[in-house]
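Step one of this worksheet: look at the structure below.
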Amino acid sequence: MIKINEHYLKLQASYLFADIARRVAAFQEAHPDREVIKLGIGDVTRALPRACVEAFHQGVDEMAEDKSFKGYGPEQGYAFLREKVAQQDFQARGADISADEVFISDGAKCDNGNIQEIFSRDAVVAVPDPVYPVYVDTNVMAGRTGKFQDGRYEGLVYLESTRDNGFIPDLPSTPVDLIYLCYPNNPTGATITKDQLKTWVDYARDNRAVILFDAAYEYFIRDEKIPHSIFEIEGAREVAIEFRSLSKTAGFTGTRCAYTVAPKNCTGYDADGNPHSLHKLWNRRHSTKFNGVSYPVQKAAEAVYTEAGRTETRALVDYYLQNAAKIRSAMTELGFECVGGENSPYIWIDGKRDSWEFFDLLLNKAGVVCTPGAGFGRCGKGYIRISAFNSHENVDKAMGRIKDALAD
Ligand SMILES: *Cc1c(COP(=O)(O)O)cnc(C)c1O
């Protein structure tokens, strides 16, 4: 008799986006003539940069001729891409990362989800609250938690991000081994300073813990003082692994390209306390279970690092940041406290009432879809997330409608 992995039975069905879709469908059925503006999901809406599209086409053309055809590539990615990532995303910012520490992949979601495999089953895991659910669910699947009770899994340490701590969690009061951090944050849009990040790096060094740093929204940082990478912090190489993605950076959500940075001296320990390179473990996992990102996609990704690509990618992100500024200022003017929206595409808004109640109000009275914060964890109760991924026209229209709705 084949037995299942019973840890899967502990998983909570993600009602969040299904519930949103159901409420939106009901509204549209009742009001077929009213247009709904979606500022809910975290998916980009604008086309790939021209430079990426051209390189993508060229990559496909090379596949069409025997002499330039490519079969399996290196599992870790082509050197042409790894080198540009190391130089432009890290070395140019004073972060000491080499090309062979960069692992190209088909997504930061997969990498964030897969990385936990290289750690012991009894590792104590700390996750943010509110949280990007991938960090939690993949550890549930691996059996690192107990049951789900009162909105939380037993065995996980929840790092609370609240108004009181400025949406940067305090260090855990009980020892943890594996720490998930995400900055600029999804869903709160909060950013972390170098000093705050240094506190976490020091904690990890003192406790022989590891930080998994998700920097999927790094490209939205415009404030010079905010760190783009955890490797800008002294001592991080031994205790951190970083995740980046071209999804939100350059519109690759449907094209798929991301990367993980695992420094060679990033260290974990066996049961006897002997040190081991996590880079080696990740390399083994990656090359055993993954066969590389397609060549044309890596060519398209490489184009982000050309002069034209950089200019176009920056303009793309600027467009969303202009939306974020509009949303933040409109909601602030209406008397709501807002986090994010300055170096992030997300605005986290204290609705001063239940998340779902505010969601329903915005949907029914303004025809605007947001995401109820309660769907991201206990600390999200009372908040909503509005995303900047839409057109200027739709954002202007949505903010006007919200203003009218709340004036009633
Ligand atoms: C969108 C997002 C990612 C990126 O996922 P991809 O699989 O690269 O598209 C990773 N982490 C967070 C927090 C995200 O919001």
Side-chain angles (χ1 to χ4, degrees), residues 43-44 48-49 51-91 95 97-119 134 138 141 212-216 218-219 229 231 240-264 266 277-306 309-310 313:
D43 194 2
V44 296
L48 291 173
C52 296
V53 173
E54 278 162 26
F56 208 167
H57 278 299
Q58 276 167 24
V60 173
D61 287 344
E62 283 179 61
M63 299 300 256
E65 304 288 337
D66 289 346
K67 64 179 187 332
S68 52
F69 169 79
K70 302 271 191 294
Y72 289 126
E75 289 102 343
Q76 300 84 350
Y78 284 100
F80 62 74
L81 181 56
R82 300 173 87 193
E83 277 160 15
K84 288 186 183 75
V85 166
Q87 282 161 12
Q88 296 188 29
D89 288 343
F90 296 95
Q91 292 160 17
I97 292 297
S98 60
D100 58 357
E101 293 174 324
V102 176
F103 295 82
I104 308 297
S105 78
D106 60 350
K109 181 181 187 174
C110 329
D111 290 350
N112 268 298
N114 291 329
I115 193 77
Q116 49 75 31
E117 271 185 41
I118 67 170
F119 300 102
V134 176
T138 53
M141 291 169 175
L212 302 174
F213 191 73
D214 186 346
E218 166 273 338
Y219 218 76
S229 165
F231 300 118
I241 293 173
E242 182 165 310
F243 305 91
R244 294 268 188 107
S245 173
L246 273 74
S247 284
K248 319 307 174 4
T249 306
F252 274 56
T253 53
T255 308
R256 313 305 302 145
C257 196
Y259 61 86
T260 289
V261 179
K264 290 194 183 121
C266 185
S277 163
L278 295 178
H279 172 96
K280 277 196 189 152
L281 264 59
W282 181 246
N283 189 42
R284 186 60 206 248
R285 190 267 163 216
H286 191 82
S287 48
T288 299
K289 296 197 182 180
F290 187 63
N291 240 344
V293 174
S294 87
Y295 174 75
V297 168
Q298 292 193 60
K299 290 303 281 181
E302 183 193 19
V304 169
Y305 297 90
T306 61
R310 257 198 313 277
T313 306

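Any value given below was found using the heavy atoms of this structure, including those in side chains, with hydrogens, waters and symmetry copies removed. All values reported here derive from a predicted model rather than from experimental measurement.
- Between Ala300 and Cys52, the shortest heavy-atom contact is O-SG, 3.4 Å.
- Side-chain atoms of Ser245 never come within 3.5 Å of backbone atoms of Ala258 as a donor-acceptor pair (strictly under, hydrogens ignored).
- Between Asn114 and Trp282 there is a side-chain heavy-atom pair separated by less than 4.5 Å.
- Val44 places none of its side-chain heavy atoms less than 4.5 Å from the side chain of Phe252.
- In this structure the side chain of Asn291 reaches within 4.5 angstrom of the side chain of Glu75, judged on heavy atoms.
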Exercise for the section: Output, in order, the C-alpha distance, side-chain angles, deciding distance and verdict of side chain to side chain contact (heavy atoms under 4.5 Å, CB included) for Arg256 and Ser247. Expected result: CA-CA 7 Å; Arg256 313 305 302 145; Ser247 284; 3.6 Å; yes
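- Between the NZ atom in Lys248 and the CD atom in Glu218 there is a gap of 13.0 Å [rounded to 0.5 Å].
- Distance check: Tyr295 OH to Glu62 CD gives 3.0 Å after rounding to the nearest 0.5 Å.
- Under the 4.5 Å side-chain criterion, counting only non-hydrogen atoms from C-beta, Thr255 is in contact with Phe56.
- Taking both residues in full, the closest heavy atoms of Ala215 and Glu242 are given as CB-OE2, 4.0 Å, listed atom of the first, atom of the second, then distance.
- For Cys257 against Ala301, the heavy-atom pair with the smallest separation is SG-CB, 3.8 Å.
- Taking the six-membered ring for Trp and thresholds of 30 and 60 degrees, His286 and Phe103 have ring planes more than 60 degrees apart, a perpendicular arrangement.
- The 12-atom threshold is exceeded at NZ of Lys264, counting heavy atoms of other residues, nucleotides or ligands nearer than 6.0 Å.
- Once rounded to the nearest 0.5 Å, the distance linking CD of Glu117 with CE of Met141 reads 12.0 Å.
- With values rounded to the nearest 0.5 angstrom, Asp89 atom CG is found 9.0 Å from Ser229 atom OG.
- The shortest heavy-atom contact between Thr249 and Ala216 is OG1-O, 4.2 Å.
- To the nearest 0.5 Å, atoms CD (Gln298) and CZ (Arg82) are separated by 9.5 Å.
- Side-chain contact check for Asp111 and Tyr259: no donor-acceptor pair (N or O, by modelled atom type) lies under 3.5 Å.
- By the 4.5 Å heavy-atom criterion applied to side chains, Asp61 and Glu65 are not counted as neighbours.
- The minimum heavy-atom distance linking Asp106 with Val293 is given by the pair N-CG2, 3.6 Å.
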Practice task
Start with the C-alpha gap between Arg310 and Val304, add the side-chain angles, then the distance that decides, and say whether side chain to side chain contact (heavy atoms under 4.5 Å, CB included) holds.
Solution key: CA-CA 5 Å; Arg310 257 198 313 277; Val304 169; 5.7 Å; no
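- Side-chain contact check for Tyr219 versus Leu246: every heavy-atom pair is 4.5 Å or farther apart.
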Practice task
Carefully, step by step, assess Ile115 and Ile118 under the rule side chain to side chain contact (heavy atoms under 4.5 Å, CB included).
Solution key: CA-CA 6 Å; Ile115 193 77; Ile118 67 170; 4.2 Å; yes
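- The CD atom of Glu302 sits 4.0 Å away from the NZ atom of Lys299 when rounded to the nearest 0.5 Å.
- Using a 4.5 Å cut-off on side-chain heavy atoms (C-beta onward), Phe90 and Arg244 make contact.
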Practice task
Determine, stepwise, if the pair Tyr78 / Lys70 fulfils side chain to side chain contact (heavy atoms under 4.5 Å, CB included).
Solution key: CA-CA 11 Å; Tyr78 284 100; Lys70 302 271 191 294; 3.8 Å; yes
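- Nearest approach of Ala86 to Ile97, heavy atoms of both residues: CB-O, 3.7 Å.
- Inter-residue side-chain proximity for Glu101 and Pro263 is flagged as met; some heavy-atom pair is nearer than 4.5 Å.
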